[in-house]
Amino acid sequence: MKKWNFKVKSDPKEIGKKLESSLGEANRFVLSLDKEKINSINFKIRKRMLLAFEINTQNNIIVNGTISKASHNNTNVEVSFSQHPLAKLLMYGHIVLGLGFLAGIILKLGNNSVMLLVGLLLIAIGILLAIHLKKSFDKNVQEYKKLIAEIVTP
């Protein structure tokens with residue numbers, strides 16, 4: 001999870017309206033705003049995935065943020081970025097399944113070289129997937145920062 005904080009010279013309600021008009025239903029984004037507090041707005045942005053296997057090719061970040069009034073002219077914007085849970089499930093699933101195959105070989109449940117190869121292959125896929133998701137996560141965080149900065153700053 002990465003965090004990002006910055007200040008803007010606008011009203012929190014005005015910033016919330018800008019976010020809602022820019023990201024409301026466009027570009028497969030899902031935006032939810034929580035305006036229950038007087039001088040604070042919580043928001044969550046994520047890109048809608050139509051298929052579970054889009055996790056490798058699509059933007060798979062969940063953005064949580066808070067817009068709060070700091071002083072007379074300033075507003076604090078706090079944004080945190082985290083990976084989509086399906087991305088973590090896919091990555092850890094490969095690693096755990098591969099370790100299961102290797103544990104089966106060690107416990108002599110199967111004395112098969114194919115089982116060893118499958119186990120090592122699944123672990124390698126999980127590790128490569130983790131590296132790919134990390135690079136993709138960092139790139140997508142920068143894209144979201146640019147998008148939010150363009151929307152929020154006047």
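What you see is a predicted model, and the numbers here were worked out from it, not measured in a lab.
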- Note on the structure: Value for OG (Ser136) from CD1 (Ile131), rounded to nearest 0.5 Å, stands at 13.5 Å
- Message: Could you tell me if Ser68 and Asn76 have a donor-acceptor pair between their side chains, going purely by distance under 3.5 Å?
- Response: no
- To the nearest 0.5 Å, how far apart are CG in Asn140 and CG in Leu147? 11.5 Å
- With sequence neighbours left out, the residues meeting side-chain contact (heavy atoms from CB on, under 4.5 Å) with Asn5 are Glu78
- Item | Between NZ on residue Lys2 and CZ on residue Phe137, distance to nearest 0.5 Å | 6.0 Å
- Establish whether Leu128 and Ile95 are linked, either directly or via other cluster members, by ILVMFWY side-chain heavy-atom contacts under 4.5 Å. no
- Query: Side chains of Leu133 and Gln83: closer than 4.5 Å at any heavy-atom pair?
  - Reply: yes
- Query: Do Val118 and Ile127 share a hydrophobic cluster (ILVMFWY, side-chain heavy atoms under 4.5 Å, transitive)?
  - Reply: yes
- Task: Apply side chain to side chain contact (heavy atoms under 4.5 Å, CB included) to Phe6 and Ile148, showing your working.
- Result: CA-CA 11 Å; Phe6 61 98; Ile148 291 171; 4.2 Å; yes
- Task: Not counting sequence neighbours, which residues clear side-chain contact (heavy atoms from CB on, under 4.5 Å) with Ile62? List them please.
- Result: Lys44, Arg46, Asn64, Ser82, His84, Pro85
- Item | Side-chain touch Val77/Lys7, heavy atoms, less than 4.5 angstrom | no
- Task: Could you grab the distance from atom CG of Asp138 to atom CD of Gln142, nearest 0.5 Å is fine?
- Result: 7.5 Å
- Message: Grouping I, L, V, M, F, W and Y whenever their side-chain heavy atoms are under 4.5 Å apart, do Ile151 and Trp4 come out in a common cluster?
- Response: yes
- Task: Quick one: pull up CD1 in Ile45 and CD1 in Ile61 and give me the separation to the nearest 0.5 Å.
- Result: 11.0 Å
- Task: Could you go through the side chain to side chain contact (heavy atoms under 4.5 Å, CB included) check for His94 and Ile123 one step at a time?
- Result: CA-CA 6 Å; His94 278 88; Ile123 292 173; over 6 Å; no
- Say whether Leu99 and Leu122 are linked into one hydrophobic cluster, either directly or through other cluster members, by side-chain heavy-atom distances under 4.5 angstrom. yes
- Item | Intermediate values then yes/no, side chain to side chain contact (heavy atoms under 4.5 Å, CB included), Val79 and Val63 | CA-CA 7 Å; Val79 183; Val63 180; 3.3 Å; yes
